[in-house]
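Below you'll find the structure, written out as C-alpha cells, and then a few comments.
Computed from heavy atoms alone, side chains included, the values below leave out hydrogens, waters and symmetry copies. Quantities reported herein were computed from a predicted structural model and do not represent experimental measurements.
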Amino acid sequence: MENTKKSGMSLDRLGIWIIGATVLGAVVGLLMGKPAHMFAPMGNLFMQLIKMVVVPLVLFSLIGGAASLGKSSSAGKIGALTFVYYGITTAVAVMLGLLFSELFKPGLGIDMASLSSAAIQVDHIEESTKIPGFWETVTGFVPANPFKALVDGNILQIIVFAMFMGFAATYLDGKKKDFLLNFFNFMTELFIKIMTAIMYIAPIGVFCLMADATGTFGYSVLMKILYLIILYVIVLAIVTYGMIGGSVALFSKCTTYKQFFKSMWKVQVFAFSTASSMATLPLNMNTATTELGVSKETTSFALPLGATINMNGNAAYYAMAATFIAQMYGMDLSFAQYVAIIITSTLGAVGQAGVPGPTLLVVAVLVSANIPIDALPILFGVDRIFDMLRTAVNITGDAACATIVDQFRQKA
C-alpha cells in the first residue's frame, strides 16, 4: 500500500512537470519558428521508446484480462457492454460534431485562394484510405498469422488473438491455467514497469514534441481555422463532461463524477501532450486500478480495447472536418451525404491506431460523401493540435467505460 501511495505521488508530480514542459515547448516553438524542428529527433525518440512497449503490453494485458474475466459467468456481459458503450458514445460524438458544424458553419467565408500555398499532391491518398466493406472489415479483424500481426503491430488483430487465447486458457486444467494466468499477469507488470520508467523522461519528450509542432504550424496557420478549433473544443467538452461524465455519474458504482475527473486530470494532460492513446495506456490503467477502484481484470480488458476502438474524439473530428471543407466549397449536403459521413466517420474511428499521426482517414469520409479533398492540406497542417485534443477525450471514455462495466464482474 505504501508503494502505491509513493507511485501515485510520483505520477502527480510528473503531471505537473508535463504541464510545464507543454507550455515551455509551445513558447519555444512560437519564438523559434521552423528552426524548432531541431527538437524533432528527441521527441521522435521518446515516441519510439513508447511504441517499443505498446504491442507486448496490449498482448499480455488482454490475454491476462480475458483469462481472468473468462473464469466468471459475467465475462460475456462485460465484453458486450464494453462494445455497446464504445459504439453508442462514438455515434453520439459524430452527431454532435455534425450538429455544431451545421449550426455555426465554421467553413464559410474562407478565401480558397489562400490555400494555394499549402497545396500538396493528394492524387494517391484516396486509394490508400478507402474504407473496406463490411465483410472485409470483419475478416480483417482475424489474423491469418498471429505472429505477422505482432510484427506488423496490427492492434485490432492482436486484440482478437489475445482474447481468443485468454478465454481459451480458462478451459485448461487448474495448474496449467494458473501457470499461464500468472505468466501473462507477470509479463503485463513487467512491461508496465518499463513504460513507467520511460514516462519519467516524458517532460523532455513532451517539450521536444510541442516545440516542433508549434514551430512548424505557426500562429498564422492556426488563426485560419481558429473558429473550427473553438467549435471542436466545445464539442469535446460536451462529450467529455456531459456524455462521458454523465454516464459515470449515472452508472458507475466505484467512483463519483467529481472523483473521476479529479483522478483523470494527469492522464488527460499526458494524453494531450503525447497525442497517443497507447502511450497513455499504462498511466490510465494505473489510475483506474489505484484511484478509481476498478478491478485489474476489467482494467486489463476494457482499457487496451478502448485504446484501439474507442475514438470518440476522432469520430467527431472526421464529421466536423468533412462539413468544414464542404462549407468552404459552398456545398449543400444532402441527407444521403450526411448518412455517409456518419457511417464512415464511425467505422473509420474504429481501429484508428492509438498513436499520433496525420488523420488520412478524413479522406475516406470526404470521398464517401463526394466532397472535394483538395483543401485537406490546411487541416493536415494543424492535425497535431486536433490530435492532442481528441486523444485526451478518447482515454477519458476508456476509463469511464471501465468504471461502469466493472460492477458486472462476478468472482468465480
Side-chain angles (χ1 to χ4, degrees), residues 78-106 131 137 228-252 255 257 260-261 264 267-268 271-272 277 284 302-303 305-324 326 333 335-352 354 359 361-362 364-365 368-369 386-408:
I78 289 179
L81 286 173
T82 299
F83 278 100
V84 167
Y85 181 88
Y86 291 152
I88 291 176
T89 53
T90 298
V92 172
V94 172
M95 297 288 197
L96 282 171
L98 282 177
L99 176 63
F100 271 75
S101 293
E102 287 304 320
L103 282 177
F104 298 99
K105 302 187 182 302
I131 294 290
T137 302
L228 177 63
I229 294 175
I230 292 173
L231 284 180
Y232 187 56
V233 169
I234 294 173
V235 169
L236 293 186
I238 295 173
V239 169
T240 304
Y241 298 101
M243 179 178 67
I244 295 176
S247 67
V248 170
L250 290 173
F251 304 113
S252 177
T255 188
Y257 183 96
F260 177 77
F261 286 107
M264 285 298 295
V267 187
Q268 292 172 325
F272 176 83
S277 297
N284 206 7
L303 293 191
L305 186 64
T308 304
I309 71 169
N310 181 39
M311 300 289 167
N312 301 329
N314 294 55
Y317 171 72
Y318 297 154
M320 295 186 75
T323 50
F324 176 74
L333 297 178
F335 177 76
Q337 287 174 306
Y338 283 122
V339 172
I341 290 173
I342 292 171
I343 294 176
T344 315
S345 296
T346 304
L347 289 177
V350 175
Q352 171 77 19
T359 52
L361 277 171
V362 175
V365 180
S368 70
F386 287 106
D387 209 359
M388 292 187 294
L389 289 167
R390 59 182 171 250
T391 303
V393 175
N394 294 339
I395 57 90
T396 305
D398 298 346
C401 179
T403 68
I404 292 169
V405 302
D406 189 58
Q407 62 185 294
F408 297 99

Minimum-distance pair of heavy atoms, taken over all atoms of [X] and [Y]:
X: A316; Y: A93; value: CB-O, 3.5 Å
X: N394; Y: G313; value: OD1-N, 2.8 Å
X: A402; Y: L303; value: CB-CD2, 4.2 Å
X: A315; Y: V94; value: CB-CG2, 3.4 Å

[atom1] of [X] to [atom2] of [Y]: how many Å apart, nearest 0.5 Å?
X: T82; Y: D406; atom1: OG1; atom2: CG; answer: 10.0 Å
X: I341; Y: S101; atom1: CD1; atom2: OG; answer: 9.0 Å
X: M311; Y: T391; atom1: CE; atom2: OG1; answer: 7.5 Å
X: Y338; Y: T323; atom1: OH; atom2: OG1; answer: 7.5 Å
X: L98; Y: L103; atom1: CG; atom2: CG; answer: 10.5 Å
X: L236; Y: L96; atom1: CG; atom2: CG; answer: 10.0 Å

Looking at side-chain heavy atoms only, is the closest gap between [X] and [Y] below 4.5 Å?
X: P106; Y: M320; answer: no
X: V92; Y: V239; answer: no
X: F261; Y: V248; answer: no
X: C401; Y: N310; answer: no
X: I244; Y: V393; answer: yes
X: F272; Y: L389; answer: yes
X: I229; Y: F386; answer: yes
X: Y85; Y: V405; answer: no

- Message: For a quick check under 3.5 Å, do T396 and Q268 share a side-chain donor-acceptor pair by atom type?
- Response: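 Yes.
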- Kindly state each residue pair satisfying side-chain hydrogen bond (donor to acceptor under 3.5 Å, both in side chains) with at least one member in residues 229-242, sequence neighbours excluded.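 Pairs touching residues 229-242 that pass the test: none.
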- Would you please test I230 and I234 for side-chain contact (heavy atoms from CB on, under 4.5 Å) and show each step? CA-CA 6 Å; I230 292 173; I234 294 173; 4.2 Å; yes
- Does the side-chain contact (heavy atoms from CB on, under 4.5 Å) test come out yes or no for Y86 and D398, once each step is laid out? CA-CA 8 Å; Y86 291 152; D398 298 346; 4.1 Å; yes
- Task: May I have the step-by-step check of side-chain contact (heavy atoms from CB on, under 4.5 Å) for M264 and N284, ending in yes or no?
- Result: CA-CA 8 Å; M264 285 298 295; N284 206 7; 3.6 Å; yes
- Message: Can you confirm whether M95 is buried at CE, in the sense that more than 12 heavy atoms of other residues, nucleotides or ligands lie under 6.0 Å from that atom?
- Response: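 No - once you tally the heavy atoms of other residues, nucleotides and ligands closer than 6.0 Å, there are 12 at most.
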- Item | Residues in ring-ring contact (aromatic ring centres under 6.0 Å, His included) contact with F104, at least two apart in sequence or another chain |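 ring-ring contact (aromatic ring centres under 6.0 Å, His included) check on F104 returns F100.
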- Partners meeting ring-ring contact (aromatic ring centres under 6.0 Å, His included) with F251 (sequence neighbours left out):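 Result, ring-ring contact (aromatic ring centres under 6.0 Å, His included) vs F251: none returned.
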